[in-house]
Number of protein chains: 2
Amino acid sequence: MTFKQSTTEKSTCFIHKLLSNREQKIANRELELLNVAEKIMIHEGFSGFTMDKLVADCNYSKGTVYNHFANKEDLFCALSIEGMRFLISLMQRSLNIQGTLREKCLGLFYSQRLHSQIHPTSFLCVLMAKTPAVLERASKARLEHQIILEQETTALVDKLLSTAITSGDINENRKQHEESLCFALWSMSFGSNALLINAAEAKAVSRLDTNNALLFNINALLDGIGWKPLSSECDYQQSWLRIGNEVFSKEVSALQE
Amino acid sequence: MTFKQSTTEKSTCFIHKLLSNREQKIANRELELLNVAEKIMIHEGFSGFTMDKLVADCNYSKGTVYNHFANKEDLFCALSIEGMRFLISLMQRSLNIQGTLREKCLGLFYSQRLHSQIHPTSFLCVLMAKTPAVLERASKARLEHQIILEQETTALVDKLLSTAITSGDINENRKQHEESLCFALWSMSFGSNALLINAAEAKAVSRLDTNNALLFNINALLDGIGWKPLSSECDYQQSWLRIGNEVFSKEVSALQE
DNA sequence: GTCATTTTTGACGGTTCGTCATATTAAGTG
DNA sequence: CACTTAATATGACGAACCGTCAAAAATGAC
């Protein structure tokens, strides 16, 4: 009896472990598939990517692949989700920098820029996932997941904003527009990076120039909402470099080559 | 002799006329095809659009359609070009408003917003045409045309900026960054509208809210670059409405329904 | 060892794309 | 008007791609 109970206990425990193992295995395979997909995109471009190629390049059959992704666009969406995950991890790290709150805010922007530089394909997937072609076809679950991650990112910005308001770095009468502020920051970051990534390819603008352009845009906006210290009082170009050196040194040096 | 000459003259003239007629005819047909394509997209979504459907819905054969567009993405690019043409026409009209230079600048932003509202599909095509999936496949000629139109739009912004600088509405020491300023405005406008068009569909945000969000973003940025009169000194919500009433009354009232 | 359930497989049908040999039309010429 | 030549239009066709599904294999319970 006790024995039996213990076995069932063990058994259920085992089942739980197995389930989580299986789920883990499935999750791992999904990441593996996404990796293969990204490699194909890197080598053959977005238009060169096909589900058949993915099936050929991975060790699973078509049915298994379609078990993970409802369709091609769903896979794009999954790539976008991984990209956002990566971005969030960068953003969280960036908050560790020593300095003013505005410098921390700069760090958030720096993270997005870094993402677009380290994994351009991934960043482009995030862009494409906002495109109707993807939104119309991706699975509901995936789209919801994406929205959740978007909320996570805006939550990071929001939190920083409210501490800046309570600490007085942003004028308190802005408090009623906190949500608007967050949206403004996000719009600027998104718009700048989206345009820059195209410009960089089309017109061969140097990385330095694009970084400066981005910093210029952010500074203008942050000055506009009166986030102290203003760019006239502080050398944010210096801060920008510092973020790279202090928080993202490994990534930045890897990027140099 | 004279007669003969006159006939050849007539003839060449006739040829010229014919050629231009033919070219005109071809150009018209292209617009016709683009119209049909847009209708299909409106009714069946972007993912529901296929070249076969286009061929079925127009009075021309597949070969003729492919005579106009190198491939599907090239057609998207063509739609984007038409969209930008329309946007430019709106922007030019918007400059006619009476008021400060900053209000004229608001007009430029208003134009883009209006475009995204009147012809959402067209606006989305402009977005999609910045996507690698399209950029990789569209024909060279079309892509170049697109770049030219982009330059035209930025030229409008640039011109306004430099008059604002010379007139003193923007501090003169900003002059060295004129290009950066233009890029900042463009980034903000693009980012805001791109995010808003998704938000509006996903989260059912009202048009009023989205308009306010956009205006908030612009004001923050323009304040940041010190474009006088600042938003604290002037009711730009009023200006925004005025632009709609004075310059785009027809479009706005058509949009009310 | 057997059965039920889940997962995997890849052959297959249906779409979609884009091409190309052929047919048609138009322009030029005598 | 007849004839040649050049330009344009046609739609049948092959190739590629997508996504499904019945059958096979694997897994786990008893």
Side-chain angles (χ1 to χ4, degrees), chain A residues 3-5 7-30 32-33 37 40-41 44-76 133-134 136-139, chain B residues 4 7-30 32-33 37 40-41 44-76 133-134 136-139:
Chain A
F3 176 75
K4 211 175 179 183
Q5 235 183 1
T7 47
T8 47
E9 257 175 31
K10 256 189 191 165
S11 163
T12 54
C13 182
F14 189 59
I15 287 173
H16 275 209
K17 184 134 187 270
L18 253 195
L19 275 181
S20 87
N21 264 352
R22 183 184 303 172
E23 285 176 317
Q24 191 60 46
K25 196 179 147 197
I26 290 179
N28 285 342
R29 187 170 57 191
E30 190 148 317
E32 191 188 336
L33 288 173
I40 295 175
M41 288 177 194
E44 321 215 19
F46 281 84
S47 49
F49 172 80
T50 70
M51 292 302 260
D52 283 349
K53 278 184 194 164
L54 174 59
V55 170
D57 285 11
C58 71
N59 292 318
Y60 308 100
S61 71
K62 194 163 238 187
T64 302
V65 171
Y66 273 91
N67 235 3
H68 282 274
F69 312 106
N71 51 45
K72 197 177 158 183
E73 284 72 23
D74 199 39
L75 184 143
F76 274 104
V134 172
E136 283 170 4
R137 306 210 68 220
S139 70
Chain B
K4 212 177 181 182
T7 48
T8 47
E9 258 174 30
K10 256 190 192 167
S11 164
T12 54
C13 182
F14 188 60
I15 287 173
H16 274 212
K17 184 136 187 271
L18 256 194
L19 276 180
S20 88
N21 264 354
R22 183 184 303 172
E23 287 177 315
Q24 191 59 48
K25 196 179 148 198
I26 290 180
N28 285 341
R29 188 170 54 191
E30 190 149 316
E32 190 188 337
L33 287 174
I40 295 175
M41 288 178 193
E44 320 214 19
F46 281 85
S47 49
F49 172 81
T50 70
M51 293 301 261
D52 283 349
K53 279 184 193 163
L54 174 59
V55 170
D57 286 11
C58 72
N59 292 319
Y60 308 101
S61 71
K62 195 163 239 189
T64 302
V65 171
Y66 273 91
N67 235 4
H68 282 273
F69 311 106
N71 51 44
K72 197 176 159 183
E73 285 72 23
D74 199 39
L75 184 143
F76 274 104
V134 172
E136 282 170 5
R137 307 209 67 221
S139 69

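Here is how names work: the chains are called A, B, and so on, in the same order as the sequence lines, proteins then strands, and each is numbered from 1. Heavy-atom basis, side chains included; hydrogens, waters and symmetry copies ignored.
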Task: 5' precedence on DNA chain D between A:D52 and B:K62 (nearest-nucleotide basis) - done: B:K62
TODO: Using side-chain hydrogen bond (donor to acceptor under 3.5 Å, both in side chains) as the criterion, list what pairs up with A:N71, not counting sequence neighbours.
DONE: none
Task: Atom-pair distance (CG on B:N71; P on C:dC17), nearest Å - done: 10 Å
Open item on the list: So B:T50, base contact, sugar-phosphate only, or nothing? Heavy-atom distance under 4.0 Å.
Closed with: sugar-phosphate
TODO: From the options A:E32, A:K25, A:E30, A:Q24, select the one residue that forms a side chain to side chain contact (heavy atoms under 4.5 Å, CB included) with A:N28.
DONE: A:Q24
Task: Side chain to side chain, A:F46 and A:F76, heavy atoms closer than 4.5 Å - done: yes
Task: Check: B:G48 main-chain N/O paired with B:K53 side-chain donor or acceptor under 3.5 Å - done: yes
Task: Distance in angstrom units between A:L54 CG and D:dC17 C1', rounded - done: 13 Å
- [ ] Check the distance between D:dT10's P and B:M51's CE and give it to me in whole angstrom.
- [x] 15 Å
Open item on the list: Let's see if you can work this out: which of D:dT10, D:dC18, C:dG18 has an atom nearest to the side-chain heavy atoms of B:T64?
Closed with: D:dT10
- [ ] Determine yes or no for a side-chain-to-main-chain donor-acceptor pair under 3.5 angstrom, with A:E44 supplying the side chain and A:F49 the backbone.
- [x] no
- [ ] Could you check how far CG of B:L75 sits from P of C:dC17, rounded to whole Å?
- [x] 11 Å
TODO: Verify the contact: side-chain N or O of A:R29 to OP1 or OP2 of C:dT8, cut-off strictly under 4.0 Å; return yes or no.
DONE: yes
TODO: Measure from CD1 on B:I26 to C1' on D:dT8 and round the result to the nearest Å.
DONE: 8 Å
Task: Sugar-phosphate, base or nothing in reach of A:N67, heavy atoms under 4.0 Å - done: base
Open item on the list: I need the CG-P distance between B:N59 and D:dA9, as an integer number of Å.
Closed with: 13 Å
- [ ] Check every atom of C:dT9, C:dC17, D:dT10 against the side chain of B:S61 and return the nucleotide holding the closest atom.
- [x] D:dT10
Task: Residue mapping more 5' on DNA chain D - nearest nucleotide basis, A:K53 or A:G63 - done: A:K53
TODO: May I ask you to evaluate whether B:R137 reaches the phosphate of C:dG18, defined as a side-chain N or O under 4.0 Å from OP1 or OP2?
DONE: yes
Task: Spacing between A:K25 atom NZ and D:dG28 atom C1', to the nearest angstrom - done: 13 Å
TODO: Would you mind reading off the distance between A:Y66 atom OH and D:dT20 atom P, rounded to a whole angstrom?
DONE: 8 Å
